[in-house]
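Bear in mind the structure is a predicted one, so any value in this text is a computation, not a measurement.
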Amino acid sequence: GIGADNDLYINQAIVFIEDAIQYRSINHRVDAKSLWLYRWYYSRTCQWILSLTITIILALVFIEKPSSLTITSDVRYRLSAWNPPCGLTESIELLCFLVFMVDVSVKSYLIGWEEFWKNKWLMAYILTLVVSLTDWIVSLSFFCTENVRIRRILRPFFLLQNSSMMKKTLKSINSTLPEMASVVLLLAVHLSLFTMFGMLLFARTKDGQQDKEWVGYFRNLPDSLTSLLVLLTTANNPDVMIPAYSKNRAYSIFFILFTVLGNLFLMNLLTAIIYNQFRGYLLKSVQSSLFRRRLGIRAAFEVLSSLKETPASAQQSCVSIGALLRVLQKVEMDSRCKQAIMRSLKTCSCDQLSAAQFQKLFEELDKDAIREHPPCPEYQSYFMQKMQFAFGHPYFGYLGNIVALANIVSICVVLVMDADKQPSERDDFFLGAINCFFILYYLLEMLLKILAMGLKRYLSYPSNIFDGLLTVILLVLEIATFAVYGFPHPGWKPEFMGLLSLWDMVRLVNMLIVFRFLRIIPNMKFMALVVTTLLDLVKNLRAFAGILVVVFYAFAIIGIMLFKGAIVPLGNTRYIGNKLNALWLFFNLKNVISWLSGHFQAEVIYCLLYLLTVNLIYRWAKIYFVAWWLISSVIWVNLFVALLLENFIHKWDRRCHREPLSDIEYQRTVELMFRDVLEEPTEEELTEKLHQHPHLQLCR
């Protein structure tokens, strides 16, 4: 009937608008049952369950054998790690796999068979589940005694496929790799040439006493290459050149040239290329996100224009304001945006909205999140008005900063005076007295600011929350100190009582006072700009953090598989050694002499003999650690620098073109960072894409 059709169109519009808000694809089933399933799947409860499942399966590695989750990492002193019985972690894994199977089944059904074959991520999801379940069955058949578990390495994929932004970021990184490869190849040529030069310069001579550089770093091609690769990271600088420099100062030119060309030129050139290319690919990704948002809004307009209540005489498609209001009441979206759109609808003079007007309404989603601070209280008393003016003035804040600086200076003076004193000689009276004075001032300052600004306005500033919270904690600690140890007086050195000694309490208070000094940041414009840039990165770059977790997790699992049981205690001696320590000793042969003393000789000889059997393992270990360095330091750090630069430049440009308003804060996402340079999709592009929808049949 007409009513059922209208309800379907309303539900379709609701889902399409929610897709637009979350930058989701609209290419999914749009019948009544599928829409209900779709909204249920993307509900907070289901997504929370899925996120919890991913967290649990990733966290299993901390308790699975051969994990060593103990307080200390020193194998001489730590207790034996808890080994869960066979079947416990496997049962938890199975439950997680069941959740993932439901997840992939729902996703596959909602997008349809035709779209499924185009979606490589879903196919990889199914393949990962099949391999993981097969490996799980093998584990149980061996009663959990197998050494290699392939499914552990695959676990980060579940985190990766669950985030659309992580997928886009990974796609951007993948597109940037060809340009990065050219510079990495140039680095390899640079490394190879200098390796050849080094082997020729520091070749073995007849005088064995002069061959220290050859023995330590340039004995053969692998050692020479490794030495210079480590020098590229500056980890062995200046140790690597000391033997040659001791022989002849001119040899330092070789190492200086290598470092200047490699570190100052090639590595920074790599940063520049990554910044330029990655910014371009990320911009394309954000552009596609904008297209998805515009397409979702346009799809909502088209289905609402198909409602039977729409006038048939209309020459072009239009949507009634009443229908849109019904949709907005059910849409899950930010209350600020919803209220802004509803206000615009109430002030609209017409009853029908065109496609352009409909799209313009939802441009509210693209705007900065504006946070306005509540107004100050209005006092009738003349005295209170003067109090409000005095203690609400910026100069009162500056006075508080000066007092905080004086507190820091006084703490520094006392620490310098007491640096060489024994604990029994220390008198905590002076430090306790000045802390008491300053904490009382901080309390008074907080109360006066609340009086001037009002509690709501005071709490609307993050800097005030930070300041006030630390003031309250300091006050509680000071009261606890006085309650346990009494008031400060000359010779104030009471015996230990309670959970913490007096000196521990005073140290804790002083650390919080030093931390509280960060309150000066909002008053220093340039420093505030830097800090807000870093905070925005923390808030908006969850996708990058997720990929970083994936990389760390995968390398950690591979490392456990390669070096499992490599560190074991040898008797009751202080030396720890096995495969991993042998590798470390072989990598640092020049330090062996320092170990040859006293009762360490037996263990060192044992390790040196063991080196003969692990030489092959050592070479493979080199590949593992070099791969880690390339991915984490060379590629990932440069990507982070690129985004840091982009965020900072964007904020700097905004600072230069718009004066900050004291009562308004602007909060931006990664998408909004590029908003000024994005291109709006044309009418033809949107219409063509809508007609390609596999499940939506437009009536008009």
Side-chain angles (χ1 to χ4, degrees), residues 335-336 339-340 342-343 346-347 368-411 432-483 487-488 509-510 512-529 531-532 535 655 658-667:
S335 59
R336 177 191 64 82
Q339 290 170 5
M342 286 186 168
R343 281 197 302 267
K346 289 177 182 177
T347 57
D368 294 353
I370 300 176
R371 180 181 173 185
E372 297 187 17
H373 299 286
C376 293
E378 296 181 2
Y379 293 111
Q380 302 299 322
S381 168
Y382 176 78
F383 175 74
M384 291 299 295
Q385 289 176 357
K386 289 296 182 182
M387 290 272 289
Q388 186 179 38
F389 174 78
F391 300 120
H393 199 279
Y395 286 163
F396 183 66
Y398 299 153
L399 175 62
N401 291 339
I402 293 172
V403 173
L405 179 61
N407 194 355
I408 296 290
V409 171
S410 63
I411 291 173
I434 60 173
N435 283 348
C436 180
F437 168 77
F438 282 112
I439 290 171
L440 287 176
Y441 175 82
Y442 298 151
L443 178 63
L444 180 64
E445 181 191 27
M446 182 183 72
L447 294 175
L448 290 174
K449 280 188 176 181
I450 293 174
L451 176 70
M453 303 171 67
L455 183 60
K456 289 185 178 179
R457 184 178 176 84
Y458 179 85
L459 294 176
S460 67
Y461 289 91
S463 58
N464 285 341
I465 296 176
F466 171 80
D467 194 26
L469 182 62
L470 282 180
T471 300
V472 171
I473 294 174
L474 286 170
L475 183 65
V476 171
L477 282 174
E478 198 71 2
I479 293 173
T481 303
F482 294 159
F487 288 95
V509 167
N510 289 334
L512 290 175
I513 288 172
V514 172
F515 187 56
R516 185 183 177 275
F517 189 65
L518 294 177
R519 56 171 275 167
I520 68 167
I521 288 176
N523 300 121
M524 303 177 70
K525 299 299 182 185
F526 186 78
M527 188 184 293
L529 181 68
V531 172
T532 53
L535 291 177
R655 179 178 180 266
R658 180 171 63 188
E659 287 295 323
L661 303 177
S662 59
D663 283 351
I664 297 179
E665 292 179 4
Y666 294 88
Q667 300 168 353

Gap separating the [atom1] atom of [X] from the [atom2] atom of [Y], nearest 0.5 angstrom:
X	Y	atom1	atom2	result
Ile439	Leu444	CD1	CG	14.0 Å
Thr471	Tyr441	OG1	OH	11.0 Å
Ile465	Asp467	CD1	CG	11.0 Å
Lys386	Phe391	NZ	CZ	13.0 Å
Ile479	Cys436	CD1	SG	10.0 Å
Ile473	Leu469	CD1	CG	4.0 Å

Can you name the ring pair (Phe, Tyr, Trp, His ring centres under 6.0 Å) partners of Phe437, sequence neighbours left out?
-> none
Show me the side-chain donor-acceptor pairs of residues 402-409 shorter than 3.5 Å, one per line, residues at least two apart or across chains.
residue	atom	partner	partner atom	Å
Asn407	ND2	Tyr442	OH	2.8

Could you tell me whether the side chain of Gln388 and the main chain of Pro377 form a donor-acceptor pair under 3.5 Å?
-> yes
Give a yes or no on whether the backbone of Cys376 and the side-chain of Arg457 come within a donor-acceptor separation of less than 3.5 Å.
->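 Between the backbone of Cys376 and the side chain of Arg457 there is no qualifying donor-acceptor contact (under 3.5 Å).
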Minimum-distance pair of heavy atoms, taken over all atoms of Gln385 and Gln380 =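 In terms of heavy atoms, the two residues are closest at NE2-O, 3.9 Å.
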So [Y] and [X], do their side chains get closer than 4.5 Å, heavy atoms only?
X	Y	answer
Met387	Tyr379	no
Leu459	Asn464	no
Glu445	Phe396	yes

Audit row: Met446, Leu443, side chain to side chain contact (heavy atoms under 4.5 Å, CB included) steps and yes/no | CA-CA 5 Å; Met446 182 183 72; Leu443 178 63; 3.8 Å; yes
Does Phe389 CZ have over 12 foreign heavy atoms under 6.0 Å away?
-> no
Glu478 vs Leu440, side chain to side chain contact (heavy atoms under 4.5 Å, CB included): CA-CA, chis, key distance, verdict | CA-CA 10 Å; Glu478 198 71 2; Leu440 287 176; over 6 Å; no
